[in-house]
Undergrad: 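One structure coming up, written as structure tokens, with questions to follow.
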Amino acid sequence: MSLTDLVLSFNQFNGSIPSSSCNLSNLSLLYLHSNNLSGLIPKEIGKLMSLTDLELSYNQFTGSIPPSIGSLSNLQYLYLNHNNLSGSIPKEIGKLMSLTDLVLSLNQFNGSIPSSSCNLSNLSLLYLHSNNLSGLIPKEIGKLMSLTDLELSYNQFTGSIPPSIVGRLSKLQSLYVSFNNLSGSFPPIFENFPQLSDLRIAGNDITGTIPPGIGNATNLEGIDFSFNHLVGEIPKEIGRLTSLSRLILNGNKLCGSIPTELGFLTQLEYLDLSANRLSSSIPENLENLSKLFYLNLSCNRLSQEIPTQLQKLNQLSELDLCHNLLRGDIPSEICNLKSLEMLNLSHNNISGLIPRNFEDMHSLSIVDISYNELHGPIPNNKAFQDASIKELQGNEGLCGNVSGLQHCNVLVSRRHGFTKARKIMFVIVFPLIGSLALLIGVIGIFITFQRRKIDSVHKEPNSANNQKTFSVLTFDGKNHA
């Protein structure tokens with residue numbers, strides 16, 4: 001009965017928690033996480049009045065949280081995540097006034113967040129993500145003044161992000177509300193969260209523009225606003241977030257050009273602006289993002305050429321520029337990206353030959369250059385040689401030893417045949433045409449000469465008669481002999 005710490009985690013225990021264990025009145029720490037335990041959480045657990053830390057996560061517990069848990073007035077840490085628990089979150093949780101960490105994520109809880117849970121004034125971490133919770137996010141959540149981490153993602157919450165979150169939770173460092181059914185315009189978050197480092201509101205129905213005030217949240221390291229209905233331009237003030245490592249804005253209706261100020265985000269590792277309406281060219285100063293390993297600008301309206309400056313992104317492993325209006329050649333400098341594993345340039349207007357330097361890109365494993373205007377042989381590179389016809393089709397002049405492509409010797413043979421035909425044209429046909437024209441010219445000159453000769457013969461008698469007539473008419477009666 002004097003046992004204070006019981007740690008049986010990271011084993012393969014199965015079965016249920018024996019109700020007799022709930023007689024350990026001095027127990028302050030009970031770790032049973034990461035086993036194969038199942039069944040219900042015993043209602044007798046409320047007898048462990050000395051308990052400060054209860055961790056039952058990563059098991060297969062079912063049923064609901066027993067209301068008796070509200071008797072654990074000394075409890076500071078409650079981890080029940082990664083189980084098969086269901087039902088509603090009991091309002092008795094609101095009695096755990098010493099609680100700092102409440103982690104109920106990855107279960108099957110339904111219903112709404114009980115307003116009583118918003119009385120937990122010492123709560124710093126609230127994880128309810130990946131359940132079936134619904135209804136509004138309670139406005140009373142703004143009373144959790146000690147909260148640093150709020151994760152409500154992957155539920156079915158509706159309504160807007162309550163203003164109380166924006167106005168009062170000044171210690172908040174991470175706010176995750178992604179993949180719910182939240183709506184309304186973009187909340188004025190940035191001026192009120194000086195400590196905010198990670199903001200994720202992806203997969204909702206948030207509308208409006210990204211406010212320029214985003215530049216005030218200078219501690220932000222991660223932003224995910226993807227799959228909403230955001231419009232307007234990406235604010236240039238985002239360039240002030242020099243601690244940012246992840247910027248994810250894909251799946252919106254953002255327009256205008258990519259701000260050159262993104263080149264100031266030298267800590268950026270992950271950039272996804274795909275599936276928007278961005279236009280103009282790819283900024284050359286993206287070369288400054290030396291830590292970038294993922295760059296996705298696909299499904300926009302970007303035009304002009306691929307900037308050669310991208311060669312300086314030495315850490316880049318994935319580059320996706322497909323479904324744009326890019327033109328010009330594939331710059332050979334892109335082959336300096338020795339860490340590149342995936343390259344997608346499909347559905348553009350890129351032309352010319354594929355640089356042979358690709359043969360030196362040994363890390364490249366996936367490539368898609370379909371539906372461009374490329375011609376010539378594909379490089380002797382594993383990614384190209386292993387590519388299917390789907391990744392190469394739509395380029396009329398492309399050849400290589402890939403099923404569905406014409407062999408380069410056939411193409412060369414055809415070109416040779418065309419060249420030979422042109423030579424025949426120049427060597428035989430054109431001289432024949434020239435000779436025929438010369439012959440026609442000579443015949444024409446001969447006919448013209450003959451006509452002139454005949455005309456001169458006819459003119460001579462007429463000239464003699466004219467002289468006689470003249471003599472008679474001009475005779476003056478004198479003999480000039």
Undergrad: Look at the aromatic rings of F293 and Y270 and report parallel, tilted or perpendicular, splitting at 30° and 60°.
TA: perpendicular

Undergrad: Show every salt bridge (charged side-chain N to carboxylate O under 4.0 Å, His left out) that has at least one partner inside residues 358-373, sequence neighbours left out.
TA: R356-E359

Undergrad: Could you check if a side-chain atom of S298 sits within less than 4.5 angstrom of a side-chain atom of C322, using non-hydrogen atoms only?
TA: yes

Undergrad: Kindly indicate whether the side chain of F227, heavy atoms from C-beta on, has any atom under 4.5 Å from the side chain of N204.
TA: no

Undergrad: Keeping the roles fixed (side chain from T52, backbone from S28), state whether a donor-acceptor pair exists under 3.5 Å.
TA: yes

Undergrad: Please walk me through it: do I238 and L247 pass side chain to side chain contact (heavy atoms under 4.5 Å, CB included)?
TA: CA-CA 10 Å; I238 212 164; L247 178 57; 3.8 Å; yes

Undergrad: Counting N and O atoms only, with roles assigned by atom type, does the side chain of S339 sit under 3.5 Å from a partner on the main chain of S317, one being a donor and the other an acceptor?
TA: no

Undergrad: Taking N84 for the side chain and N107 for the main chain, is one N or O donor matched with an acceptor at less than 3.5 Å?
TA: no

Undergrad: Apply side chain to side chain contact (heavy atoms under 4.5 Å, CB included) to the pair D198 and L175, showing each step before the final yes or no.
TA: CA-CA 6 Å; D198 207 341; L175 175 59; over 6 Å; no

Undergrad: Could you tell me whether a side-chain N or O of N180 sits under 3.5 Å from a main-chain N or O of L152, the two making a donor and an acceptor?
TA: yes

Undergrad: Within the 4.5 Å heavy-atom criterion, are L289 and L313 side-chain neighbours or not?
TA: yes

Undergrad: Nearest heavy-atom pair of N83 and N59: which atoms, and what distance?
TA: OD1-C, 2.9 Å

Undergrad: Residues two or more places apart in sequence or in another chain: which of them pass ring pair (Phe, Tyr, Trp, His ring centres under 6.0 Å) with F109?
TA: none

Undergrad: Looking at every heavy atom in both L27 and T4, which two are closest together, and how far apart are they?
TA: CD1-O, 3.4 Å

Undergrad: Can you tell me how far the CG atom of L241 sits from the CD atom of E261, to the nearest 0.5 Å?
TA: 11.5 Å

Undergrad: Output, in order, the C-alpha distance, side-chain angles, deciding distance and verdict of side chain to side chain contact (heavy atoms under 4.5 Å, CB included) for Q267 and K291.
TA: CA-CA 6 Å; Q267 300 301 310; K291 295 185 177 181; 2.7 Å; yes

Undergrad: Roughly how far, to the nearest 0.5 Å, is CG of L54 from CG of L99?
TA: 10.0 Å

Undergrad: Assess R200 against Y176: is NZ or CZ under 6.0 Å from the centre of the six-membered ring, and within 45 degrees of the ring's axis?
TA: yes

Undergrad: What pairs meet the salt bridge (charged side-chain N to carboxylate O under 4.0 Å, His left out) rule with one or both residues in residues 378-387, with sequence neighbours excluded?
TA: K382-D386

Undergrad: Between L302 and S281, what is the shortest heavy-atom contact and its length?
TA: CD2-O, 4.3 Å

Undergrad: Pair up each side-chain donor or acceptor in residues 248-258 with any protein partner under 3.5 Å, not counting sequence neighbours, and list the distances.
TA:
unit_1	atom_1	unit_2	atom_2	d
N252	OD1	N228	N	3.2
N252	OD1	H229	N	3.4
N252	OD1	L230	N	3.0
N252	ND2	F225	O	3.1
N252	ND2	L249	O	3.1
N252	ND2	N250	O	3.4

Undergrad: Any side chain to side chain donor-acceptor pair (under 3.5 Å) pairs touching residues 156-174, not counting sequence neighbours?
TA: D149-S174

Undergrad: Check whether any side-chain heavy atom of L343 lies under 4.5 Å from a side-chain heavy atom of D320, and answer yes or no.
TA: no

Undergrad: Using side-chain heavy atoms (C-beta onward) and a distance below 4.5 Å, is L392 in contact with S370?
TA: no

Undergrad: How far does CG of L85 sit from CD1 of I89, to the nearest 0.5 angstrom?
TA: 10.5 Å

Undergrad: Please examine the side chains of L133 and L128, heavy atoms only from C-beta on, and report whether any two atoms are closer than 4.5 Å.
TA: yes

Undergrad: Starting at CG of N81, measure out to OG of S57 and round the result to the nearest 0.5 Å.
TA: 4.5 Å

Undergrad: Taking the side chain as every heavy atom from C-beta outward, state whether M361 and N381 have any atom pair closer than 4.5 Å.
TA: yes

Undergrad: Which heavy atom of L126 sits nearest a heavy atom of L144, and at what distance?
TA: CD2-CD1, 4.4 Å

Undergrad: Can you measure from OH (Y294) to CG (L319) and round to the nearest 0.5 angstrom?
TA: 10.0 Å

Undergrad: Only pairs at least two apart or in different chains count here, so list each side chain to side chain donor-acceptor pair (under 3.5 Å) that has a residue in residues 301-310.
TA: E284-Q309

Undergrad: Could you tell me whether a side-chain N or O of N300 sits under 3.5 Å from a main-chain N or O of L273, the two making a donor and an acceptor?
TA: yes

Undergrad: Would you name the heavy atoms of P18 and S21 that are closest together and state the gap between them?
TA: O-OG, 2.7 Å

Undergrad: Show me the pairs that pass ring-ring contact (aromatic ring centres under 6.0 Å, His included) and involve residues 304-348, at least two apart or across chains.
TA: H323-H347, H347-Y371

Undergrad: Quick one: salt bridge (charged side-chain N to carboxylate O under 4.0 Å, His left out) pairs with a partner in residues 263-278, sequence neighbours left out?
TA: none

Undergrad: Do any pairs count as a ring-ring contact (aromatic ring centres under 6.0 Å, His included) and have a residue in residues 8-38, sequence neighbours left out, and if so which ones?
TA: F10-H33, Y31-H33

Undergrad: Whether the side chain of N276 engages the backbone of S274 through a donor-acceptor N/O pair (distance < 3.5 Å, no angle test) should be reported.
TA: yes

Undergrad: Donor-acceptor pair, S50 side chain versus S25 backbone, under 3.5 Å?
TA: yes

Undergrad: Name all residues meeting the side-chain hydrogen bond (donor to acceptor under 3.5 Å, both in side chains) criterion together with K95; count only those two or more places apart in sequence or in a different chain, and write none if there are none.
TA: none

Undergrad: Ignoring hydrogens and angles, tell me if any N or O in the side chain of N372 forms a donor-acceptor pair with the backbone of N348 under 3.5 Å.
TA: yes

Undergrad: Between N395 (side chain only) and L374 (backbone N and O only), is there a donor and an acceptor less than 3.5 Å apart?
TA: yes

Undergrad: Got a sec, which pairs hit side chain to side chain donor-acceptor pair (under 3.5 Å) with one end in residues 230-244, sequence neighbours left out?
TA: N216-R240

Undergrad: Can you find a heavy atom in the side chain of L405 that is under 4.5 Å from one in the side chain of I378?
TA: yes

Undergrad: Heavy atoms only: give me the nearest L262-L286 pair and the separation to one decimal.
TA: CB-CD2, 4.3 Å

Undergrad: Taking only residues at least two apart or on different chains, which pairs with a member in residues 60-86 satisfy ring-ring contact (aromatic ring centres under 6.0 Å, His included)?
TA: Y58-H82

Undergrad: Sub-3.5 Å donor-acceptor pair from the side chain of N288 to the main-chain atoms of F264, do we have one?
TA: no

Undergrad: What is the distance from atom CE of M342 to atom CG of L316, rounded to the nearest 0.5 Å?
TA: 9.0 Å

